[in-house]
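See structure below.
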Amino acid sequence: MTENHPQLQQPAHGPKHKKDLTRRKVVVAGAGAAVAVGAAGTLAASGAFASETSASASASSTSTAAEACYRLTSETTEGPYYIDADKIRRDITEDKEGIPLTLQLKVIDSETCKPVANAAVDIWHCDALGIYSGYESLSTGGGSGGGGAPTDAPSGTPTDAPSGTPSGTPTGEPPSGAPSGGTGGGGHEEPTDDERYLRGTWRTDKHGQVTFKTIFPGWYRGRTVHIHTKVHVDGTWTDAGYEGGHTCHTGQFFFDEESVLASAEVEPYSTSTTERTTLTEDTIYDQSGTAGGLLKLKYNKKNIAKGVIGSIMMGVDPDTTNDGTSL
């Protein structure tokens, strides 16, 4: 069942939602959280950002901005592997190998079109082989068979697929505890390890913009390639990090098929034996393009390994609470 929310495609006109007063507190990452450059010859993120363009490029055209003001960005499930913003940093790569990705985000109020400044934006995603930090023992990754795929994988995935099933068709039974109906709500899993690669939080500037440095995600059983995100507002930035406020948006970013197929030719992605779910097969992506989280991508079509720039404008309603746990 695709997560499709037609009611989110129009500006909200109802009364302001009561604020969620649950206290959030995050700790600034120390110097030890700096990115570790990979060995010579590997694809480390740090070298590909020298030509990074301005985050203002994410507001690509007047027509795109106008469209965003009339439609909220789709809300999606939080998934089971969220860890509350404990790394305040823009470069979330650490020592993970993969195609360098610069992610340029702009957060606007979907009703007024004004930028949402001082928001805390979280992103988190799996590595090139489908493994999530903090949950390495629970991630299937790499097609190892057995184990448990993240419970945002759709339920109802075929369990009796014949041999020779085309690549891209999900196979295998979802893990126990996967939500019914394919909505992907699931329950939050407690972290099983202390790793925190490919996770981070940063503050939007006065233009509502924030830029992250990471790697192109891989894939795992039952889900297309994606990045999770949250936007927190009305909190306070302190020397300790970010406190209070509420979550006004929980979403996911997606990648077009052309880029994913290109990435699959590059190591370490090419070593994955996991059958891939395509963008059109995914049960979380609502097929609505930018409003559904589809990124605008720029890269050398002949050599994606040099790096990718992904950008998107997110239309949010700062007065609502969307924590992604009840979808």
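Numbers for residues simply follow the sequence, beginning at 1.
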Does [Y] offer a backbone N or O that forms a donor-acceptor pair with the side chain of [X] under 3.5 Å?
X: Thr247; Y: His249; value: no
X: His246; Y: Pro318; value: yes
X: Thr250; Y: Thr76; value: no
X: Ser110; Y: Arg71; value: no
X: Ser259; Y: Phe255; value: no
X: Asp282; Y: Arg223; value: no
X: Thr224; Y: Thr277; value: yes
X: Asp205; Y: Gln209; value: yes
X: Ser311; Y: Leu295; value: no
X: Glu97; Y: Glu267; value: no

*Of the options Val121, Ile123, Val231, Leu103, which is the one that meets Val210 in a side-chain contact (heavy atoms from CB on, under 4.5 Å)?*
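Of the listed options, the one satisfying the test is Val121.
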Using side-chain heavy atoms (C-beta onward) and a distance below 4.5 Å, is [X] in contact with [Y]?
X: Pro191; Y: Arg196; value: yes
X: Asp317; Y: Glu111; value: no
X: Ile309; Y: Tyr299; value: no
X: Val308; Y: Thr102; value: no
X: Phe254; Y: Val260; value: no
X: Gln287; Y: Thr280; value: yes
X: Cys126; Y: Ile131; value: no
X: Tyr285; Y: Leu294; value: yes

*What is the ring orientation for Tyr82 with Trp124, classed by angle as parallel under 30°, tilted 30 to 60°, or perpendicular over 60°?*
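Tyr82 vs Trp124 ring planes: tilted.
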*Using 30° and 60° as the class limits, which term best fits the ring planes of Tyr242 and His232: parallel, tilted or perpendicular?*
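Aromatic pair Tyr242/His232 classed tilted.
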Please report the closest heavy-atom contact between [X] and [Y], naming both atoms and the distance.
X: Ser288; Y: Ser74; result: OG-OG, 3.9 Å
X: Ser263; Y: Trp219; result: OG-CZ3, 4.5 Å
X: Ile215; Y: Ala128; result: CD1-N, 4.2 Å
X: Ala305; Y: Val266; result: CB-CG1, 4.1 Å
X: Pro268; Y: Leu129; result: O-CD2, 3.4 Å
X: Ala119; Y: Val233; result: CB-CG1, 4.0 Å

Nearest 0.5 angstrom please: [X] [atom1] to [Y] [atom2], how far?
X: Leu297; Y: Leu101; atom1: CG; atom2: CG; result: 8.0 Å
X: Gln252; Y: Asp286; atom1: CD; atom2: CG; result: 10.5 Å
X: Arg221; Y: Thr274; atom1: CZ; atom2: OG1; result: 9.0 Å
X: Glu189; Y: Ile83; atom1: CD; atom2: CD1; result: 11.5 Å
X: Ile304; Y: Ile99; atom1: CD1; atom2: CD1; result: 4.5 Å
X: Ser133; Y: Asp193; atom1: OG; atom2: CG; result: 7.0 Å

*Trace of the side chain to side chain contact (heavy atoms under 4.5 Å, CB included) decision for Tyr135 with Glu195*: CA-CA 8 Å; Tyr135 301 91; Glu195 299 293 338; over 6 Å; no
Any donor-acceptor pair under 3.5 Å linking the side-chain atoms of [Y] with those of [X]?
X: Thr201; Y: Asp122; value: yes
X: Thr214; Y: Thr93; value: no
X: Glu136; Y: Ser139; value: no
X: His228; Y: Glu78; value: no

*Under the side chain to side chain contact (heavy atoms under 4.5 Å, CB included) criterion, do Ile92 and Tyr197 qualify, and how do the steps go?*
CA-CA 6 Å; Ile92 67 173; Tyr197 53 81; over 6 Å; no
*Heavy-atom count around Asn303 CG within 6.0 Å, excluding the residue itself: above 12?*
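Yes, enclosed.
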*Heavy atoms from other residues, nucleotides or ligands near NZ of Lys302 exceed 12 (cutoff 6.0 Å)*: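 Check fails, neighbour count at 12 or below.
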*asked:* My understanding is that only one of Lys87, Lys213, Arg89 makes a salt bridge (charged side-chain N to carboxylate O under 4.0 Å, His left out) with Glu94; could you say which?
replied: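 Option passing the salt bridge (charged side-chain N to carboxylate O under 4.0 Å, His left out) with Glu94: Arg89.
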*Are Arg276 and Glu257 close enough for a salt bridge, meaning some N to O gap below 4.0 Å?*
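Salt bridge present between Arg276 and Glu257.
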*Is the closest basic N to carboxylate O distance between Asp109 and Lys114 below 4.0 Å?*
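Looking at Asp109 and Lys114, the cut-off is not met.
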*Please lay out, stage by stage, how Val107 and Val316 fare under the test side chain to side chain contact (heavy atoms under 4.5 Å, CB included).*
CA-CA 7 Å; Val107 183; Val316 305; 3.8 Å; yes
*ILVMFWY network linking Tyr269 to Leu261, side-chain heavy atoms under 4.5 angstrom*: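 They do not share one cluster, since no chain of ILVMFWY contacts under 4.5 Å joins Tyr269 to Leu261.
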_Out of the candidates Phe253, Phe216, Tyr220, only one should pair with His226 under the ring pair (Phe, Tyr, Trp, His ring centres under 6.0 Å) rule; please name it._
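In the set Phe253, Phe216, Tyr220, the residue that makes a ring pair (Phe, Tyr, Trp, His ring centres under 6.0 Å) with His226 is Tyr220.
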